[in-house]
Amino acid sequence: MDFLSQHIIAPSGQHLKMLEFLAIVTYTIHLPYIAMVIGSTALALWLTFSDHEIPNSNFARLADDVLRTFLGNTTAMLVLGVLPLFALPILYGIWFDSVPMAPIGYIVMPIPGVVLGLVILRFYRSTFSGRKTNYNQHMGLGTLGLLILIGSYFVLLSSVIRLQDPEKWFRLKNLVILLLNWNVIWKFLFFLHAAFGITGAAILFFMFRWSNRATSGDPAYAAFVRKFASGISLAFCFALPLFDLLYVFTSPDIVFDSTTYLMATGIVFVCMLIAFMLIGSLRAGAARHVASIFTMFLIVFVLSASFDVRAMANANKEHAVLLEAQSEKKKAEREAEIEATLAEQSGSSVGEETFNKVCMQCHRFDTKLVGPPLAEKLGSYTKESLVAFILNPTKKDPAYPPMPNPGLTQAQAAAVAEYELSHYKEATGGAPGGAAPAAADSTKAQGGAH
Amino acid sequence: MIRRILDTAVFGYFALFMVLILALGFRWHTQRKAPVQPINYSHQIHVGKLNLECAFCHETADKSYYAGVPSVQKCMSCHSAVKTDTPEIQKLTKYWNDKEPVPWNRVHRIRIRNHIYFTHKRHIAAGVQCEHCHGQLAAMPRVRQVKSMKMGFCVSCHEANHAPTDCVICHK
């Protein structure tokens, strides 16, 4: 990550803001899709199991439709399910570059699990037609793929959520400690319930609005799908505010600002709108507002991702400021080098200008201000030792406060040292450790600009 | 009628959660947010840019239970001459002229303070860096509490650094 930060993109405050935005976009693309894969697989497994125990053609048909809709497209699986995953370690790796204890290594761990889980679910989908003869194999593949996917997302969400609590980083020595945390558990339960909620909404959207081929010829099946999907979506929609509240309640204080609380409240508000639309749809006996309901669930995911990213940024606010300061310092150094070169070419004195601008805040040549009169001290310095002191000042005289680092570049410090020593030499007639400079010189220095 | 009761119940259910989350937000805003100080003092400038040592202002940190808040006199030792024309330094100068202390608002506090004994002196003697408990002050425009200061935080650090964890070490 050092290589990325130093040679490709220099980290700065603006850069980190851009990474936060990219993280929200990545989650918005990725998490709803994975949520639908998890929800649809779990529902298909339950429908197939129910059909196996008490045969019901609607169950089997819906399981087939659900699997075809959500697991049938390999391109979608690759673009929405796999590729965004590889962006996350890079985004967080750059964000937490030069933060030694940040547990970003855990973000990489679940990626193989997610890929494996999706591949197994593709096989599960392809064995649906032979489920009657190979029931155990079909159900086994689905359960295995689902468990691997759920386990991988538990680890992924845990590692991302744990970035919000720097106080606990030094304790995260293994995966068990990473996962055993109430904050993480509530977030994961929120994600699972949102997964079932959006799956119900997506079934309504894709089977009634996107294409109604599956439900158009059979009103009884259409009514079954509508009630089943609406019921699932509504039930899990009611559970979301509880987990949202528990997640907020167990989050550390440092993740919050007014916006995060508004986002958490916004999630509950959107859930309320979804609930009323679903209730209205059930009462009307027709699939109404399906596009709005699906969109609202997507908004729940966007708000949830935005909350997490902002919480992470709030908790590590000082790291961002330090990076920005480093970035600005490097920029200022480059500009100072350019200015020094230009000044040298034009014959003006960088040393004098810097002295007047920076050093004169505390020093004069012959009078005491915050620091001692320079005339009393310069006699004991050579140019090299003075440059070294300016670049790294230490407390020398107990009668004065320690000199703060003036933040000059090597070139500026050398120019200032040369200016001070030549001014001192001029005033004392070249005698080392000599007397105070002439009054004319002190007037010149105090006057500042000439 | 039943439909209206059901709608009200659904609204009440979601409204309850919204109110509870906003109540948590209100508690954070009133009790946990970084307090506004009477003078907009910046650690970012003094520690971050000027590289002043913490002990330069917090003089008693290595000698006492308390790190100590610098006196107005301490601030004025530099600011009688530096940046005297800025509004914040003029506020400081007014406290100095009125011979009054700056009424700083406390930032770091242990939530349940009864019977808890904590001393800065011992921790500094053991080599604990200030930022371990107080965070990156060099990057804070306004100081905020970044660590919980709860018992788990103290015990974890004591365990990690092989410091004693007997109850009586902290609870007197």
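Chain identifiers are assigned alphabetically (A, B, ...) following the order of the sequence lines, protein sequences preceding nucleic acid strands; residue numbering begins at 1 within each chain. The figures here come from the full heavy-atom set of this structure, side chains too, leaving out hydrogens, waters and symmetry mates.
By the 6.0 Å contact criterion, CZ on B:R27 is enclosed, its count of non-hydrogen atoms from other residues, nucleotides or ligands being greater than 12. Counted within 6.0 Å of NZ on A:K357, heavy atoms from surrounding residues, nucleotides or ligands total 12 or fewer; the atom is thus considered open. Remark: B:F118 CZ is packed, more than 12 non-hydrogen atoms of other residues, nucleotides or ligands lying under 6.0 Å away. More than 12 heavy-atom neighbours from other residues, nucleotides or ligands sit within 6.0 angstrom of CH2 on A:W169. Other residues, nucleotides and ligands place more than 12 heavy atoms under 6.0 Å from the NZ atom of B:K147. By the neighbour-count criterion of 12 heavy atoms within 6.0 Å, atom CZ of B:F153 is densely surrounded, having more than that number from other residues, nucleotides or ligands. Heavy atoms of other residues, nucleotides or ligands lying less than 6.0 angstrom from NE2 of B:H132 number more than 12. For B:K91, the NZ atom is densely surrounded, since the number of other residues' heavy atoms within 6.0 Å is greater than 12.
Heavy atoms closer than 4.5 Å to chain A are found nowhere in B:L137, neither backbone nor side chain. Contacts of A:F238 with chain B are made by both backbone and side-chain atoms, with heavy-atom separations under 4.5 Å. Interface remark: A:N314 contributes backbone atoms only to the contact with chain B (heavy atom separation under 4.5 Å). Looking at B:L20, the atoms closer than 4.5 Å to chain A (heavy atoms on both sides) sit in the backbone and in the side chain alike. Of the two parts of A:P241, the backbone and the side chain both hold a non-hydrogen atom closer than 4.5 Å to a non-hydrogen atom of chain B. If you measure heavy-atom distances from A:I279 to chain B, the contacts under 4.5 Å come from the side chain alone. Both the backbone and the side chain of A:A264 come within contact range of chain B, with heavy atoms under 4.5 Å apart. Neither the backbone nor the side chain of A:Y400 has a heavy atom closer than 4.5 Å to any heavy atom of chain B. Proximity to chain A (any heavy atom under 4.5 Å) is restricted, for B:F56, to the side chain, taken from C-beta onward. The contact between B:Y13 and chain A is made entirely by side chain atoms (from C-beta outward), counting heavy-atom distances below 4.5 Å. For B:K49, the part lying under 4.5 angstrom from a heavy atom of chain A is the backbone only. At a 4.5 Å heavy-atom cutoff, the contact between A:K317 and chain B is made by backbone and side-chain atoms alike. Heavy-atom distances place both the backbone and the side chain of A:C271 under 4.5 Å from chain B. Looking at B:E159, there are no atoms closer than 4.5 Å to chain A (heavy atoms on both sides), in backbone or side chain.
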Legend entry - A:D253 and B:S148: CA distance, side-chain angles, deciding distance, side-chain contact (heavy atoms from CB on, under 4.5 Å) verdict: CA-CA 8 Å; A:D253 288 338; B:S148 63; over 6 Å; no

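The minimum heavy-atom distance between A:F276 and B:D7, with the atom names listed, is CZ-O, 3.5 Å. Taking each heavy atom of B:A160 and A:F170 in turn, the nearest pair found is CB-CE1, 4.0 Å. Considering all non-hydrogen atoms of both residues, B:F14 and A:A275 come closest at CE1-CB, 3.6 Å.
With rounding to the nearest 0.5 Å, the separation of CZ in A:R283 from CG in B:L6 is 5.5 Å. Residue B:I21 holds its CD1 atom at 13.5 Å from CZ of A:F269, rounded to the nearest 0.5 Å. The structure places CZ of B:F17 at 8.0 Å from CG of A:L246, a figure rounded to the nearest 0.5 Å. Here SG of B:C157 is found 11.0 Å from CZ of A:R171. Values are rounded to the nearest 0.5 Å.
Interface remark: of the candidates B:V146, B:V82, B:L52, B:V146 forms the most heavy-atom pairs closer than 4.5 Å to chain A. Of the listed residues (B:L16, B:L22, B:L24, B:V19), the one with the most heavy-atom contacts under 4.5 Å to chain A is B:L24. In terms of non-hydrogen atom pairs under 4.5 Å with chain A, the most contact-rich of B:E53, B:R3, B:K33 is B:R3. Contact count against chain B (heavy-atom pairs under 4.5 Å) is highest for A:D257 among A:T260, A:D257, A:V248. Interface check for chain A: of the options B:C78, B:A138, B:G152, B:A81, the most heavy-atom pairs under 4.5 Å are formed by B:C78.
In this structure, A:Y261 and B:F26 have side chains that are not in contact, with every pair of non-hydrogen atoms separated by 4.5 Å or more.
Here A:E318 pairs with B:R144 in a salt bridge; the nearest charged N to carboxylate O distance falls below 4.0 Å.
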